[in-house]
Amino acid sequence: MEIVKMLVPESKYSIKCPYEMNPEFIIIHNTANDASAMNEISYMIGNNNKVSFHCAIDDVRVVQGVPFNRNTWNATDGGNGKGNRKGIALEICYSKSGGERFEEAEKLTAEYTAYLLKQYGWGIDKVKKHADFYPVKGCPHRTLELGWQRFLNMVQSYLDGQQQNNNTNNNIESGSDEPVRTYQNGSTSENVYADTDCTKKIGSLNPREACDCFGIFKDRAMVRYIVTGTDNYKIGFCKWLGGVK
Amino acid sequence: MEDNILVEEIEFTEDLYKKSIEENTFEEDLEHGIGDEIDGNS
């Protein structure tokens, strides 16, 4: 899992996050835009609107813009509202148009939500939605359309560690002098990219998934993995080298 | 920290803000998503 921390400068705390906070739960939002997580956080920090949130999450990475020990103006429940003063606000990107990018962003948000729940020792009951604090606003709109319980079930499955896939394929004939190695993924999903600069994401490995590895090229692990639910394979590059066995 | 969580820390710059505006139109949808709710958060 890739996390970028680009935190709001203290000079803007008075606008974006004026109060210290001891978080008590997580609040899920949809952006209703089609911008990447980096652009959402950059825009949030750069403008002078009294609107803020802790993280934006797209299909590739989590971008955090506000520390979790500061409040944000996310829940529309006022200066002393519980949502604004106690919730860690996560925005799922690409909800305006939906589609595959949004589905991947939602999946990564579920995984990150489970990660935070584990960090804080919380259960699934600590996952809230914006509409819980301000029902007039149908947010997270696309997540709600697809089903809120469905999203909670995704989070729960990450909490339970059920997103495990020990997918090994032993029927590989190596076509060179280099033996085919194994890539054993860690405990979070790992992006797979088409390029060693890691700018074009083509898929991801599930937590604990094992696949073939053809070695390390330009500081990236080259992997071949089966696309879940199909008989097709993809070949690409992973950043985390700890998985190369 | 989990084993394959990669954390990168970067500094916010005005150029990133300008880039975000150039690349996207940010809807201020008061019904869904992120909105400029001046009264709602006062």
Side-chain angles (χ1 to χ4, degrees), chain A residues 1-9 12 29-36 38-47 49-53 61 65 73-79 81 84 91 95-96 115 118 130 134 136-142 185-190 207 238-240 242-243, chain B:
Chain A
M1 180 158 48
E2 294 176 38
I3 300 171
V4 174
K5 289 192 176 181
M6 184 172 70
L7 300 181
V8 58
K12 295 198 85 168
H29 299 258
N30 285 175
T31 62
N33 289 320
D34 279 335
S36 68
M38 273 302 295
N39 279 351
E40 288 285 359
I41 293 291
S42 299
Y43 180 72
M44 183 270 289
I45 294 176
N47 70 48
N49 301 331
K50 206 172 170 186
V51 176
S52 52
F53 40 93
R61 60 182 62 87
W73 299 128
N74 75 94
T76 333
D77 59 350
N84 278 336
E91 290 276 358
S95 73
K96 182 180 177 186
Y115 168 72
K118 284 179 196 169
H130 187 179
Y134 191 66
V136 171
K137 190 154 185 160
C139 178
H141 67 110
R142 197 169 288 282
N185 192 24
S187 58
T188 66
S189 62
E190 180 72 19
C238 293
K239 286 185 180 181
W240 185 59
Chain B
M1 169 109 16
E2 298 284 0
D3 40 6
N4 67 329
I5 291 191
L6 301 172
V7 181
E8 183 186 359
E9 294 187 10
I10 66 174
E11 200 174 318
F12 169 75
T13 64
E14 284 300 313
D15 283 345
L16 285 171
Y17 174 55
K18 287 175 191 165
K19 179 174 177 286
S20 72
I21 295 175
E22 282 165 12
E23 291 183 356
N24 294 105
T25 301
F26 288 92
E27 304 278 341
E28 290 182 348
D29 186 339
L30 296 183
E31 189 177 347
H32 302 298
I34 303 167
D36 186 5
E37 299 137 10
I38 296 173
D39 292 333
N41 284 320
S42 61

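So that the names make sense, note that chain A is the first sequence line, chain B the second, and so on, each numbered from 1.
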- Taking the side chain as every heavy atom from C-beta outward, state whether D3(B) and W240(A) have any atom pair closer than 4.5 Å. yes

- Over 12 foreign heavy atoms within 6.0 Å of NZ, K5(A): no

- Item | Under 4.5 Å from a heavy atom of chain A, the part of E9(B) involved | both

- Message: Under 4.5 Å from any heavy atom of chain A, what part of I21(B) do you find: side chain, backbone, both or neither?
- Response: side chain

- Item | Atom group of M38(A) that falls short of 4.5 Å from chain B, counting heavy atoms | side chain

First locate atom [atom1] of [X], then atom [atom2] of [Y], and finally report the distance between them rounded to the nearest 0.5 Å.
X	Y	atom1	atom2	answer
Y17(B)	N47(A)	OH	CG	5.0 Å
E14(B)	I45(A)	CD	CD1	10.0 Å
I5(B)	M1(A)	CD1	CE	3.5 Å
E40(A)	N24(B)	CD	CG	7.0 Å

- Item | Shortest non-hydrogen contact from M6(A) toward E11(B) | CG-C, 4.1 Å

- Determine the minimum heavy-atom distance between A35(A) and F26(B), stating which atoms define it. CB-CE2, 3.7 Å

- Please answer whether the main-chain N or O of T188(A) pairs with a side-chain N or O of N4(B) as donor and acceptor at a distance below 3.5 Å.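 Yes; judged by distance alone, with no hydrogens or angles, the pair exists.
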
